[in-house]
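Worksheet: one structure, shown below.
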Amino acid sequence: MSDPQILIAFTFILYLLTMLAIGYFAYRRTQSMSDYLLGGRRLGPIPTALSAGASDMSGWLLLGLPGYALAAGYEAVWLALGLLLGSWLNWLFVAKRLRVFSTLADDALTIPAYFENRFRDSSRLLRLTSACFILLFFLFYTSSGLVASGKLLEEVFSMEYHWAVLLSCLAIISYTLFGGFLAVSWTDVVQSLMMALALIIVPLVAMGDFGGWKLTHKAIDTLNPELLNIWTNHQGEPLGWIAIASLLGWGLGYFGQPHILARFKAISDERHIPFARRIAVGWTFLTLSSALLCGWVAITYLGGSLADSERVFIVLVNIMFHPIVAGLLLAAVLAAIMSTADSQLLVSSSALAEDFYKAVLKRPSWSRQQIKVGRVAVMGLAIIAAVIALDPESSVLDMVSYAWAGFGAAFGPAIVMSLYWRRMNRNGALAGILVGGLTVVLWTPLEGGIFELYEIIPGCLLATLAIIMASLLSAPPQPREATPLRQPAQEK
């Protein structure tokens with residue numbers, strides 16, 4: 001390796017050692033399955049907010065979104081707007097109720113357990129179906145993170161892509177394996193701050209080289225004025241309702257993401273949620289805006305094109321900064337990747353340990369044994385995800401898009417309606433999960449006309465209809481099943 005690469009490598013190693021130290025400290029505090037999956041439900045508002053943001057955004061925030069902004073220009077605003085609105089509405093309408101209801105639904109630790117306990121499903125079918133969809137979509141979601149880390153290490157260290165993916169997989173497993181939810185949440189706090197700082201610094205320095213935003217804007221206008229029109233694509237063609245709805249529709253995904261919903265369940269007190277919401281939504285606004293700005297300034301800085309647009313942040317950092325500073329900024333990319341991949345692996349392992357091993361296989365409820373099963377599941381799932389990620393032509397944004405839609409459609413309508421509609425019953429929940437998840441699977445490969453619409457939109461619509469119809473066409477829930485446990489305190 002060259003001297004700059006050695007300096008960057010040193011920074012990376014220092015970062016990884018810090019994450020492992022946090023993981024070991026959390027390992028010492030993990031004594032039960034509740035500790036391993038939800039941190040014992042004692043997370044403070046600030047860690048909750050920053051951890052939710054970091055686990056939400058992942059590597060696509062520093063790779064996929066800036067790359068999309070580079071290629072599409074102002075069209076990318078629609079995507080960011082949909083995500084910002086979705087995040088805010090999720091915190092506003094779901095967070096507090098889910099914290100209360102999951103606790104009183106026999107202290108449900110996972111989303112499948114919540115559905116089963118909420119609707120008193122003795123058949124286990126509701127829990128098993130939910131767990132299957134979690135495993136399916138998280139394999140693609142985790143793979144997207146490994147693809148992103150592979151591109152990062154390949155670009156920075158000229159490492160062979162396949163080895164880069166495997167090395168990233170090993171690093172993520174290392175601290176997730178030991179500390180569980182506490183390790184994931186505490187490292188997420190550090191990682192979220194690194195992500196925000198990097199996204200702010202890079203576009204500001206790039207604009208400074210061009211004399212500010214006005215001159216940068218003028219340079220973009222000279223290269224391609226259509227990039228500055230929010231109502232057209234980069235070729236000047238008007239954006240139809242399908243394109244705009246598809247971009248805004250990303251916001252629907254928030255209501256069904258298990259790794260984000262887990263943060264709501266883990267906060268120590270429901271009364272802390274309004275404060276946590278302000279921090280989380282503010283962080284989301286700041287990072288989304290900075291990611292867009294990073295892609296836009298790169299249009300002028302790199303001459304308007306890049307062979308792989310998802311490498312734009314990495315390329316800018318390598319060009320503009322000293323290797324030590326570059327190492328810190330690129331470690332933020334690794335932080336973004338790891339902050340989501342670890343959360344995804346943890347939720348997936350919980351589906352195996354809590355929803356298959358304990359519930360379906362009817363194993364004894366022995367926490368230490370379940371933790372071991374969960375840790376073995378982390379390793380197994382990470383290996384499968386790494387195999388999927390070995391294709392160097394994979395697109396981070398495309399893989400995230402598929403998994404995001406799958407979770408949003410399968411769980412979003414069922415979660416929201418279970419918190420607000422007393423008439424919803426077990427059949428409605430099962431129908432909604434099946435219809436939402438299968439709609440995404442079947443809609444994705446179809447092309448042309450209405451099938452260009454982002455699959456999360458028809459998935460959520462059909463899932464909602466399925467919940468309503470199945471619930472109304474079957475017997476009303478029993479009183480203990482229908483009771484929403486207790487109403488949360490009034491929102492402030």
Side-chain angles (χ1 to χ4, degrees), residues 33-34 37-43 45 48-49 52 86-122 124 126-127 129-131 133-134 181 254-277 280 347 350-351 354-355 359 407-408 410-433 436 463-464 467-468 470-471 476-492:
M33 204 60 186
S34 178
L37 297 183
L38 291 180
R41 295 187 189 265
R42 55 178 182 268
L43 214 59
T48 298
S87 176
W88 174 61
L89 292 172
N90 199 30
W91 276 96
L92 188 63
F93 292 111
V94 174
K96 181 173 289 190
R97 284 175 176 260
L98 184 61
R99 172 63 175 86
V100 172
F101 291 7
S102 63
T103 303
L104 296 177
D106 301 327
D107 194 26
L109 300 180
T110 66
I111 291 299
Y114 164 73
F115 283 132
E116 180 181 81
N117 296 342
R118 169 71 176 83
F119 297 107
R120 307 298 177 184
D121 179 26
S122 59
R124 305 284 191 188
L126 190 54
R127 190 169 192 168
T129 303
S130 303
F133 277 119
I134 285 177
F181 188 87
Y254 275 100
F255 304 105
Q257 305 300 316
H259 54 300
I260 298 175
L261 299 177
R263 270 65 188 170
F264 300 160
K265 293 184 290 181
I267 196 168
S268 58
D269 193 320
E270 68 192 71
R271 292 171 294 183
H272 294 157
I273 286 177
F275 177 54
R277 181 183 69 239
V347 173
S350 72
E354 183 75 5
D355 300 314
F407 283 127
F411 298 134
I415 286 287
V416 173
M417 297 188 75
S418 74
L419 299 175
Y420 286 93
W421 191 33
R422 288 174 178 265
R423 179 62 175 79
M424 182 178 175
N425 59 21
R426 175 260 192 189
N427 291 345
L430 183 60
I433 293 170
T464 302
I467 291 170
I468 294 172
S471 296
Q478 296 299 316
R480 67 170 185 168
E481 178 183 344
T483 301
L485 311 173
R486 73 177 171 90
Q487 295 294 331
Q490 183 66 32
E491 180 70 85
K492 296 181 180 179

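All residue numbers refer to positions in the sequence shown, counting from 1.
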Inset, instruction - To the nearest 0.5 angstrom, please state how far the CZ atom of Phe255 sits from the CE atom of Met417. - result: 13.5 Å
Legend entry - Interatomic spacing from CD1 in Ile467 to CG in Asn427 - rounded to 0.5 Å: 12.0 Å
Do [X] and [Y] touch side chain to side chain, with heavy atoms closer than 4.5 Å?
{"X": "Leu261", "Y": "Asn90", "value": "yes"}
{"X": "Phe115", "Y": "Thr129", "value": "no"}
{"X": "Trp421", "Y": "Ser471", "value": "yes"}
{"X": "Phe407", "Y": "Ile134", "value": "yes"}

By side chain to side chain contact (heavy atoms under 4.5 Å, CB included) - contacts of [X] (at least two apart):
{"X": "Tyr420", "value": "Phe93, Arg97, Val416"}
{"X": "Ala463", "value": "Pro413"}
{"X": "Ala276", "value": "Pro45, Ala49, Trp91, Ile267"}

Legend entry - Results of side-chain hydrogen bond (donor to acceptor under 3.5 Å, both in side chains) for Asn117 - residues two or more places apart only: none
Inset, instruction - Show the numbers, then the answer: is there a side chain to side chain contact (heavy atoms under 4.5 Å, CB included) between Ser130 and Tyr114? - result: CA-CA 10 Å; Ser130 303; Tyr114 164 73; over 6 Å; no
Legend entry - Set of residues satisfying ring-ring contact (aromatic ring centres under 6.0 Å, His included) with respect to Phe411, sequence neighbours excluded: none
Legend entry - Contacts of Tyr254 that satisfy ring-ring contact (aromatic ring centres under 6.0 Å, His included) - sequence neighbours left out: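 For Tyr254, the residues satisfying ring-ring contact (aromatic ring centres under 6.0 Å, His included) (neighbours in sequence not counted) are Trp404.
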